[in-house]
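Read the numbers this way: they start at 1 and go in the same order the structure lists the ligands and their atoms.
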Amino acid sequence: MLYPQMSESRTVVSLDGIWNFKLDNGSGFDEKWPEKKLTDARPMPVPCSYNDVAQDPQIRDHIGWVFYQRDFYITNQMLMSRLMLRFGSVTHTARIYLNGKLLCEHKGGFLPFEVRLNGFARAGSNLLTVAVDNRVDYTTLPVGRLVTETYPKIGEVTSDYPNFDFYNYAGIMRPVQIYATPHDYIEDISIQPSLDGEIHYQIRCSGEGKMLVFAQDADGRIVAWGDDEKLKIDSPILWEPSNPYLYTLTVTFGDDIYRQTFGIRTVEVQNGKFLLNGKPFYFKGFGKHEDSPVHGRGFDNAFNVNDVNLLKWIGANSFRTSHYPYSEEMMMLCDRTGIVVIDEVPAVGLHTGFTATGLLGGTPNGTWAQMQTAEHHQEVIRQMIDRDKNHPCVVMWSMANEPASEEEGAAEYFQPLVELAHDCDLQHRPVTIVQYGGATPQTSKVSDFIDVLCLNRYYGWYTQEARLDLAQVMLEDELEHWTEKYPDKPIIFTEYGADTISGMHDVIPTLFSEEYQEKMLEMYHQVFDHFPTVCGEQVWNFADFATAENIRRVQGNKKGIFTRERKPKKAAFSLKERWENIPDFDYKK
Ligand code: BDP
């Protein structure tokens, strides 16, 4: 799906701003709220999560539908174009109404969707209503547990327990835009570069028109003309973290013009190495979250640019979009700044017997018989790859975080998904499933068919807590088994870390102190350095983040190397020292 952009033939209008907002009272649909102006509505920023701006627990912890509404004007001239309404993301389920009519429904809170306005929008004023449902259960991704329990004197109480360790922020989280294109238009572009400068592409157009394709370098000079499927750039400049060089593929079709940026780089897995442009790459960085004070998970350019600058400051070169695809604007920023991304679908919580927060009530060992997510899982894989396929920053697709990959049924569930990801991607990026400590070389049922082993490990925290000596031998022992069984698969540690309260210090490093976090990371690094196929380290987490309330969390997850406000803890400085001395390439020959 192309990102909306201005060109000689295209117009984009932002609908961001302060909308009207109201919680459903249980009968919003029956009372036909989308047909008229919401009464007693309160102001709500878009994009933003609605949870933290209202200072009202009823809003913060609401379960179910809410309504957003605004009006906007359309000119006669706009109606003559093909007119689309596009949402960057609405979490988790959305119903879009224009002038009271339902235009579409979309499931999945982290990917864009759009709907055609022609035939529904009118010249003059239009009333746009977006109903949003935040409920998660065994049919959604991420997964939650929606239960109704009976309490004395109160009666029935419904709770929605997330099967994941981040606050279930909801609302219209990313930009809302209207865009206009000619009626004969460019629908989609997929680009497959190779190191010799030969660029293959597939361009899908709708309607009639003559197509013209050319490539421009970063200074706008035309460097190659193309035919219907390829062009050749002489002496290409490659995209690398230290030199994120971007070209533009300009496509014209009839009157329509679209400019798609791309980078020339390849990714490949070979002999236990992760190769970027044919050279062994070492991942240094973090698992992150889209999470910041006030905005919740709402899109925020300032936080994104600041985070990328902090990644650069600390010497990192990568992150994983734990645990859902991040905004398109963030991906473009990573293309531009040379941050390498492992792109993850929102498949977290696919386990009935385990979650990091301990909020569980399902039946252990029956995950794959209970989950009803397979079809939706395919949808989000297709949509994520469709959205992100041209980003040079994306080097691998992650199909899930910490699923029950050790249980019977995991291979049957995941193998078709891994194949689907391979089939959808013209660039044939590697595909992984991020696995938790319960999935070992002996028990994992998915490791045979993924390209890279991505491991989340908490020796020294959830197990062997405060015993780094024991944690170290456990980690070494496990790695010996993985490398023995899979000598040719690269291993990336996609999570390891310790909750750390900023400002808590101790001479003897005790749990939760800044010193313990630092010591624990040092221990892991010593071990990683001994194993040649360990080709990456992504600490959990970049910054402290909000979670559901529970006794294992102190106002959120505190495993950040930065606080939620992005102030460094002690370990930030030792990580900086280590990572500044690890080159992007050839760290392990
Ligand atoms: C892992 C999860 C991650 C949690 C982390 C933790 O992948 O989402 O936040 O543990 O416990 O199990 O901090």
Side-chain angles (χ1 to χ4, degrees), residues 109-110 136 141-145 161-169 285-291 297 319-326 342-360 362 364 367 398-406 432-440 444 446 453-465 471 475 478 492-502 511-512 516-517 520-521 524 536-564 569 571:
F110 302 94
V136 284
L141 294 173
V143 176
R145 209 164 46 85
Y161 298 111
N163 244 21
F164 46 88
D165 184 33
F166 47 91
Y167 193 82
N168 187 25
Y169 282 115
F286 301 95
K288 275 184 102 277
H289 266 298
E290 287 185 321
D291 176 274
R297 209 169 311 299
F319 65 79
R320 172 171 61 121
T321 70
S322 40
H323 296 307
Y324 38 80
Y326 293 179
I342 301 173
D343 209 357
E344 185 160 282
V345 286
V348 53
L350 284 166
H351 205 311
T352 55
F354 162 82
T355 173
T357 57
L359 289 174
L360 263 184
T367 301
S398 162
M399 301 291 95
N401 180 69
E402 303 193 341
S405 58
E406 77 286 13
T432 190
I433 294 167
V434 173
Q435 300 189 73
Y436 82 124
T440 63
S444 164
V446 303
L453 299 168
C454 286
L455 306 178
N456 294 351
R457 291 299 181 267
Y458 287 95
Y459 298 116
W461 189 253
Y462 292 122
T463 58
Q464 296 82 40
E465 61 264 47
L475 178 63
E478 194 190 341
I492 301 174
F493 277 80
T494 33
E495 286 187 27
Y496 58 108
D499 281 273
T500 305
I501 309 295
S502 168
L511 294 178
F512 297 100
Y516 188 77
Q517 185 181 41
M520 181 172 155
L521 298 183
Y524 273 77
E537 49 193 62
Q538 294 189 327
V539 175
W540 191 254
N541 187 285
F542 172 74
D544 294 346
F545 56 93
T547 64
E549 288 192 64
N550 79 81
I551 50 154
R552 294 175 88 178
R553 296 289 175 258
V554 190
Q555 281 208 332
N557 187 309
K558 295 286 191 266
K559 295 193 185 70
I561 292 300
F562 297 94
T563 64
R564 200 174 187 217
K569 299 181 193 170

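Counting atoms of ligand 1 from 1 in the listed order, those under 4.0 Å from a heavy atom of E402 are 1 (C), 2 (C), 7 (O), 12 (O). Ligand 1 places these atoms under 4.0 Å from at least one heavy atom of R553: 6 (C), 11 (O), 13 (O). Each of the following atoms of ligand 1 lies closer than 4.0 Å to a heavy atom of N456: 7 (O). Interface atoms of ligand 1 facing H323, defined by a heavy-atom separation under 4.0 Å, are 3 (C), 7 (O), 8 (O).
At distances below 3.5 Å, not a single donor-acceptor pair connects side-chain atoms of K558 with backbone N or O atoms of S502. A donor-acceptor distance shorter than 3.5 angstrom exists from the side chain of Y324 to the backbone of E290, with no hydrogens or angles considered.
Side-chain atoms of L475 and F493, non-hydrogen and from C-beta on, do get closer than 4.5 Å to each other. Side-chain contact between T463 and Y458 is absent, with no heavy-atom pair separated by less than 4.5 Å. Here the side chains of E406 and Q435 are not in contact, with every heavy-atom distance at 4.5 Å or above.
Proximity of Y436 to ligand 1 is not established, as no heavy-atom distance is less than 4.0 Å.
Residue F545 touches ligand 1 through its side chain alone, judged by heavy-atom distances below 4.0 Å. At a heavy-atom cutoff of 4.0 Å, ligand 1 is contacted by no atom of V434, backbone or side chain. Counting heavy atoms closer than 4.0 Å to ligand 1, residue R552 contributes nothing at all. No part of F164 comes within 4.0 Å of ligand 1, judged by heavy-atom distances. Heavy atoms of Y462 found under 4.0 angstrom from ligand 1 belong exclusively to the side chain. Within the 4.0 Å heavy-atom criterion, neither part of T547 lies near ligand 1.
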- request: I would like to know whether E495 and Y436 meet side-chain hydrogen bond (donor to acceptor under 3.5 Å, both in side chains); could you show each step before the answer?
  value: CA-CA 9 Å; E495 286 187 27; Y436 82 124; over 6 Å; no

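Scanning H289, Q435, E495, H351 for the heavy atom closest to atom 1 (C) of ligand 1 points to E495.
Ion pairing of D165 with R553 is present here, as a side-chain N (NZ or NE/NH1/NH2) and a carboxylate O approach within less than 4.0 Å.
The distance between the ring centers of H351 and F164 does not fall below 6.0 angstrom.
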